[in-house]
Asker: 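Here's a structure for you.
Index from 1, following the sequence. Keep in mind the model is a prediction, meaning the values are calculated, not measured.
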Amino acid sequence: AKRDPGTSYRFYDQQLHISAGYQLRLEADLRNALRGQELELYYQPRIDLATEEVRGVECLIRWNHPERGLVRPDEFIPAAERSGLIVPIGYWVIEQACERLKQAADLGHPGLVFAVNLSFRQFHDRKMTETIFRIIYNANVDTSLLELELTESAMMHDLDYARRCLRELNQLGVSFALDDFGTGFSSLSNLQHLPISLLKIDKSFVQDLGHTADAEHIIRAIISLAHSLQISVVAEGVETEGQLEFLRQQHCDEIQGYYFARPMPWDDLVKFLQNQSQA
Ligand code: C2E
Ligand code: CA
Ligand code: CA
Ligand code: CA
């Protein structure tokens with residue numbers, strides 16, 4: 001084909017318009033989703049390697065779109081962040097998690113930890129601490145079972161702000177996990193000034209095990225440094241027996257991944273927990 005810069009520019013421009021239109025549709029749909037109860041939480045168990053018991057679950061949002069079917073968060077969280085919709089969605093997630101936390105206790109799983117993801121925008125919402133306080137107060141839950149997961153970038157963006165918010169919520173009993181650890185630029189020395197009780201090793205390192213020697217060294221270093229700061233470690237994305245064995249040898253505290261269980265709807269989780277306690 002002839003190279004015509006004019007045409008290719010128009011083509012590119014058209015692409016941009018399509019994606020801007022798509023973006024707006026997505027946002028409008030998402031607004032309806034929040035109102036119309038199309039959002040749902042899935043729950044992925046986290047296993048304690050010492051006791052082999054389910055320590056807790058990570059709550060992961062799903063969108064049951066009337067036409068597109070099940071939409072995964074990577075497809076709509078970025079749009080929700082940009083539009084600010086992530087703020088009300090995020091509070092809905094915490095409310096829902098609190099309801100499930102109480103249900104879990106009623107069903108005979110009183111110590112189960114519920115972990116919820118907080119996005120950058122949510123964490124920097126001016127009313128964050130007071131809104132979370134109101135939600136957990138209204139739900140009347142055991143706050144020590146509620147864990148909030150934040151990424152390095154959300155936390156390190158403004159360390160003073162992070163320290164203040166984490167301390168306030170920590171005083172109410174809520175605990176914090178540093179998510180996707182190893183992918184950002186924070187140094188572990190930052191951690192000692194924050195009330196973080198858990199560190200989640202990003203799944204990219206776990207999945208590099210057996211492929212690159214670096215992954216082993218990095219994971220070993222993260223676990224030993226975290227433990228020296230009295231911080232527990234969860235490895236995410238564990239899919240194979242080999243990965244599990246390596247993590248066990250390194251005294252990783254908990255694992256999460258398809259090897260044990262995929263994220264699942266609430267009813268399936270209840271069955272899963274029932275089977276675990278019978279085993
Ligand atoms: P994340 O917080 O790092 O969550 C872990 C992701 O890894 C989940 O993807 C989970 O399904 C996936 N995963 C778990 N085990 C394995 C495994 O063994 N192999 C592989 N390949 N993947 C595994 P998911 O559910 O698609 O969520 C993607 C991201 O969306 C999350 O990453 C989180 O950043 C965000 N997200 C999910 N729910 C929420 C929410 O309620 N609020 C906010 N702000 N973000 C959320
Ligand atoms: Ca997470
Ligand atoms: Ca993660
Ligand atoms: Ca991630």
Side-chain angles (χ1 to χ4, degrees), residues 15-45 56-107 109 112-141 143 145-151 154 169 174 179 256 261-273:
Q15 292 284 78
L16 278 181
H17 277 110
I18 289 168
S19 75
Y22 176 81
Q23 186 66 31
L24 288 175
R25 259 286 301 282
L26 191 65
E27 280 177 29
D29 281 4
L30 205 48
R31 238 174 267 277
N32 285 332
L34 184 59
R35 275 198 300 261
Q37 295 172 334
E38 293 169 16
L39 300 178
E40 181 183 0
L41 292 187
Y42 273 39
Y43 305 85
Q44 186 179 33
V57 293
E58 179 173 6
C59 304
L60 293 158
I61 200 165
R62 297 290 180 267
W63 178 7
N64 296 301
H65 192 284
E67 288 134 43
R68 277 186 268 173
L70 202 67
V71 188
R72 295 190 44 145
D74 287 336
E75 294 174 56
F76 68 90
I77 295 279
E81 274 269 317
R82 269 194 298 274
S83 62
L85 269 174
I86 192 67
V87 175
I89 289 176
Y91 293 135
W92 175 83
V93 172
I94 299 174
E95 276 167 17
Q96 186 71 11
C98 286
E99 283 312 304
R100 295 308 195 189
L101 199 161
K102 284 190 287 187
Q103 264 175 287
D106 291 343
L107 291 166
H109 310 286
L112 204 64
V113 171
F114 280 69
V116 167
N117 292 286
L118 280 194
S119 76
F120 187 96
R121 182 98 175 233
Q122 243 182 302
F123 185 60
H124 291 91
D125 173 40
R126 272 188 302 112
K127 299 211 162 133
M128 185 204 45
T129 50
E130 75 180 78
T131 310
I132 293 180
F133 174 77
R134 183 152 26 84
I135 292 171
I136 56 188
Y137 181 83
N138 287 340
N140 191 22
V141 292
T143 50
L145 299 175
L146 189 64
E147 201 170 82
L148 300 177
E149 298 191 359
L150 283 158
T151 60
L169 287 165
V174 176
D179 206 356
Q256 184 180 335
R262 290 183 174 253
M264 56 187 107
W266 177 253
D267 290 346
D268 292 351
L269 178 74
V270 171
K271 282 179 222 146
F272 182 90
L273 294 172

Asker: List in chain and number order the residues that pass side-chain contact (heavy atoms from CB on, under 4.5 Å) with N32, two or more places apart in sequence or in another chain; answer none if no residue qualifies.
Answerer: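 With sequence neighbours excluded, N32 shows a side-chain contact (heavy atoms from CB on, under 4.5 Å) to R35, given in chain and number order.
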Asker: Which heavy-atom pair separates Q44 from A261 by the least distance, and what is that distance?
Answerer: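 Closest approach of Q44 to A261, heavy atoms only: NE2-O, 3.0 Å.
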Asker: Are side-chain heavy atoms of F120 and I86 found at a separation under 4.5 Å?
Answerer: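 Sidechains of I86 and F120: no contact.
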Asker: Could you pull out all residues at least two apart from R68 that satisfy salt bridge (Lys or Arg N to Asp or Glu O under 4.0 Å)?
Answerer: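 R68: salt bridge (Lys or Arg N to Asp or Glu O under 4.0 Å) contacts with D29.
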Asker: Just jot down the salt bridge (Lys or Arg N to Asp or Glu O under 4.0 Å) partners of E27, sequence neighbours excluded, or say none.
Answerer: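 Once residues adjacent in sequence are excluded, E27 has no partner under the salt bridge (Lys or Arg N to Asp or Glu O under 4.0 Å) criterion.
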Asker: Quick one: ring pair (Phe, Tyr, Trp, His ring centres under 6.0 Å) partners of H65, sequence neighbours excluded?
Answerer: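 If we apply the ring pair (Phe, Tyr, Trp, His ring centres under 6.0 Å) test to H65, skipping adjacent residues, the hits are W63.
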Asker: So do the side chains of L118 and M128 get within less than 4.5 Å of each other, counting heavy atoms only?
Answerer: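 Yes, close enough: below the 4.5 Å cut-off.
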Asker: I'd like to check P45 versus M264 (side-chain heavy atoms, cut-off strictly below 4.5 Å). Are they in contact?
Answerer: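 Answer yes - side chains close enough.
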Asker: Would the distance check show the side chain of Q122 and the main-chain N or O of S119 forming a donor-acceptor pair, the cut-off being under 3.5 Å?
Answerer: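 Flag set: sc Q122 to bb S119 pair under 3.5 Å.
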Asker: Is the shortest heavy-atom distance from the side chain of V93 to the side chain of N117 under 4.5 Å?
Answerer: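 With C-beta onward as the side chain, the pair stays apart.
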Asker: Find out whether L70 and N64 are in side-chain contact, i.e. whether some heavy atom of one side chain is under 4.5 Å from a heavy atom of the other.
Answerer: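 The answer is yes; the side chains approach within 4.5 Å.
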Asker: Taking ring pair (Phe, Tyr, Trp, His ring centres under 6.0 Å) as the definition, give me every residue that meets it alongside Y42, ordered by chain and number, with sequence neighbours left out.
Answerer: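 By the ring pair (Phe, Tyr, Trp, His ring centres under 6.0 Å) rule, Y42 matches no residue at all.
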Asker: Could you tell me which non-hydrogen atom of L41 sits nearest to which non-hydrogen atom of A97, and how far apart they are?
Answerer: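 Scanning both residues completely, I find the closest heavy atoms to be CD1-N, 4.1 Å.
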Asker: Can you name the residues that form a ring pair (Phe, Tyr, Trp, His ring centres under 6.0 Å) with W266, not counting sequence neighbours?
Answerer: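 Expected list: Y43.
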Asker: Side chain to side chain contact (heavy atoms under 4.5 Å, CB included) for I77 and I61? Distances and angles first, verdict last.
Answerer: CA-CA 9 Å; I77 295 279; I61 200 165; 4.1 Å; yes
Asker: Can you find a heavy atom in the side chain of F114 that is under 4.5 Å from one in the side chain of V141?
Answerer: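 Of all side-chain heavy-atom pairs linking V141 with F114, none is under 4.5 Å.
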